[in-house]
Amino acid sequence: MSNNENIKITFPDGNSKEFPKGTSSLDIAKSISKGLAEDVLVAEVNGKLVDLVMPINEDSSVKFYKFADDEGRKVYWHTTSHIMAQAVEELFPGAKFGVGPPIENGFYYDVDSEHRFTDEDLVKIEERMLDIAKRDLVTKREELKREDAIAYFKSKRVDPYKVEILEDIAKNEEYVSLYHQGGFTDLCRGPHMPTTAKLKNVKLLSVSGSYWRGDSDRQQLQRIYGISFPKKKELDDYIHLLEEAEKRDHRKIGKQLDLYSTHEEAGAGLVYWHPNGAIIRMELEDFWRKAHTDGNYELLFTPHMGKSWLWETSGHLDFYKDSMYSPMEIDEQLYYMKPMNCPFHIMIYKTHLRSYKDLPLRWAELGTVYRYEKSGVLHGLLRVRGFTQDDAHIFCTNEQIESEIIEVIRFAKYVFHSLGFDHMNYYLSTKPEKAVGEDSLWVKATDSLINALKHEGLDYKLDEGGGAFYGPKIDIKIKDALGREWQLSTIQFDFNLPERFDLKYIGEDGKEHRPFMVHRALLGSMERFFGILIEHYAGAFPLWLAPIQVAVMPIADAQLDYAKEVYHKIRNSGLRVQLDERREKIGYKIRDWETKKVPYMIVLGDKEMQAGNITVRAHKKGDLGKFELDAFISSLKEEKDTKKIN
RNA sequence: GCUGGCGUAGCUCAGUGGUAGAGCAGCGCACUUGUAAUGCGCAGGUCGGGGGUUCAACUCCCUUCGCCAGCUCCA
């Protein structure tokens, strides 16, 4: 073999090595290590994801992806969905197939079959999939002309859905690819894992209806969802996560702990905060208010409704009317419940002629708004029709915007850390196609957002063109205890409202200028945040938020007087405490307070009464032993005041 | 809106043509108790609403309301 039969392969670390022409990335992986060859699922050759078995015929850069990488995981799940289709075809001959992509968590395949799939079928399909995996079928890619593929799906393997995909979606492609594994063939771009044997653990999760190409006038297919993992532990962990999420469902815990309710007969999507929930809300609000006044915000209160003039001027009646509650007529004037607080804050801004010396103005309000959400999308506390935003508006000058954004980001970090959320992700959204405001404003504002993120040393994901029509924004998502991401905060520039309401300030030059306006919500809404908080803590709130912080329980009536003494001392120290006087066994009382997730229980029997001390039990942790009452109270006050997270 | 599932006691659920059941919670009585359920008893429901079939409907049929999951993530 002469030297010119070799090609040069460059790796991500910059190293390179020569291989014979026609070598595959799998061969390369094997030459590096056995482990890599085992784990690698797909390769990126010259920036393009390809099958591992594809021969490489020229000098190339090669990168390997395993299951731990997004790219590898997608391929793993994609091939799994093909294996599922094969299993379905074997078990239910005649089934036709729509689309079967990998998704954020797992994969699905849309199936058209006379048979209606049940949970028992899913188990059978799973078993068959593992059987197909054991057969170690090699996945083979075949490229052919589009017309030939159409002919194939019209005659050899009749599937009208694939034909439609080829005739419609893929109409601009000259060549398309098929993937074969054993007797199964599917139309697919790929790439795929080299063999079905890579599939080790799979769980089919659910089956639900879905319309062919999302069109409710078309055929409805059965969509089977599933997920798969190379390691059994990963699958077990995932199933555990699903179970845990179900246990933590805020609607369930909200009922168990008597936190809130909603009433369809009194208006869907409107939240009633029960005493226990109200305590948590008051604590959150107190914290929120103090944080804002400490952070040099001023607090506002504004009305719940406004005349149509306000919403005509703001433009909400033009672009937001469908989401607003219908107006009520008073004195021949139309009044609307507010869907946003901004116009009200602007009204306050306009009560004075503002000077550059007044800026920045940072105005915050816990403002309750009403938005008409479709009944199908309402969901517990997470999607409601009436909610209280922790809203703020910052009016500032051109020179101030960057430092203001930096402050908001720092403020958000502080607030979330205090509430027990340590993982935050940042998303920057830029100018969409339809937008108001001059380009120079967009550039200036977007730069200030980027600079602020960089200044704080924060990584962010870019959503090009994802901004609102009135300005660019940063969204902040937090991760909860189960690793789920929730979008809470948003920091948005607004070039629209200052224009519409003709906001101005007098600059140093004595001339009128338009201020920048930034909308900012941190928690998003009290209702939604409450729901997330419930799930994050699974109802076992940190001491400062717990509706009942301490339960005092005598073992028998003989210690009741002593228990009352202890109870009053704790109560007078400002802690939320309850005395359990019931004549029940101590085991019964403890179980009861444990299920209420009360952080601390104080058990008082003869021993404690005689020694003048207390025995403490902590939620989930059990007996902590004996304490002096005063010392215990001060440690609890410390825990409460520092908002300690357990 | 569409598809599927569900709607029975305060809560969690069983019942499937012969006029409704359990556990927990509640109330009463007894027990005076040492770290996740003491025992016995009582009470509690127009089986989501309306209509129909039937001698008889929680059960079957129609209709309506609500809840849950999904209907976007492109061969």
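Just so it is clear: chains get the letters A, B, ... in the order the sequence lines come, proteins before strands, and each one is counted from 1. All values below come from the heavy atoms of this structure, side chains included, with hydrogens, waters and symmetry mates left out.
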Show every donor-acceptor pair shorter than 3.5 Å between a side-chain atom in residues 41-51 of chain A and any protein atom, with sequence neighbours excluded, or say none if there are none.
residue : atom : partner : partner atom : Å
A:E44   : OE1  : A:Y65   : OH           : 2.6
A:N46   : OD1  : A:S61   : N            : 2.8
A:N46   : ND2  : A:S60   : OG           : 3.2
A:D51   : OD1  : A:Y179  : OH           : 3.1
A:D51   : OD1  : A:H192  : N            : 2.7
A:D51   : OD2  : A:Y179  : OH           : 2.7

Are the charged groups of A:E464 and A:K431 less than 4.0 angstrom apart, N to O?
-> no

Contact under 4.0 Å: A:Y225 side-chain N or O vs B:C71 OP1/OP2 | yes

RNA chain B contacts made by residues 616-630 of chain A, counting heavy atoms under 4.0 Å | A:R617, A:D623

When you match A:G587 and A:K255 each to their closest nucleotide on RNA chain B, which lands nearer the 5' end?
-> A:K255

By side-chain hydrogen bond (donor to acceptor under 3.5 Å, both in side chains), A:D112 pairs with (sequence neighbours left out) A:Y161

Starting at atom CD of A:E246, determine the distance to atom C1' of B:A69, rounded to an integer number of angstrom.
-> 12 Å

Would you say the base of B:G70 and the side-chain of A:Q222 have a donor-acceptor pair closer than 3.5 Å?
-> no

So does A:R591 get a side-chain nitrogen or oxygen closer than 4.0 Å to the phosphate oxygens (OP1/OP2) of B:U35?
-> no

Say you pick atom C1' in B:A22 and the same atom in B:A43; how far apart are they, in whole Å?
-> 16 Å

Write down the distance separating the P atoms in B:C42 and B:G23, rounded off to the nearest Å.
-> 12 Å

CD1 of A:I227 to OH of A:Y76, rounded to nearest 0.5 Å, is 11.0 Å

Pair A:E167 + A:K154: basic N to acidic O under 4.0 Å = yes

Separation between the P atoms of B:G49 and B:C58, rounded to whole Å = 10 Å

Does the side chain of A:E639 come under 3.5 Å of the side chain of A:Y600 through a donor N or O and an acceptor N or O?
-> yes

In whole angstrom, give me the gap between the P atoms of B:A30 and B:C68.
-> 46 Å

Pairwise C1' distance for B:G4 and B:U46, with rounding to whole Å | 30 Å

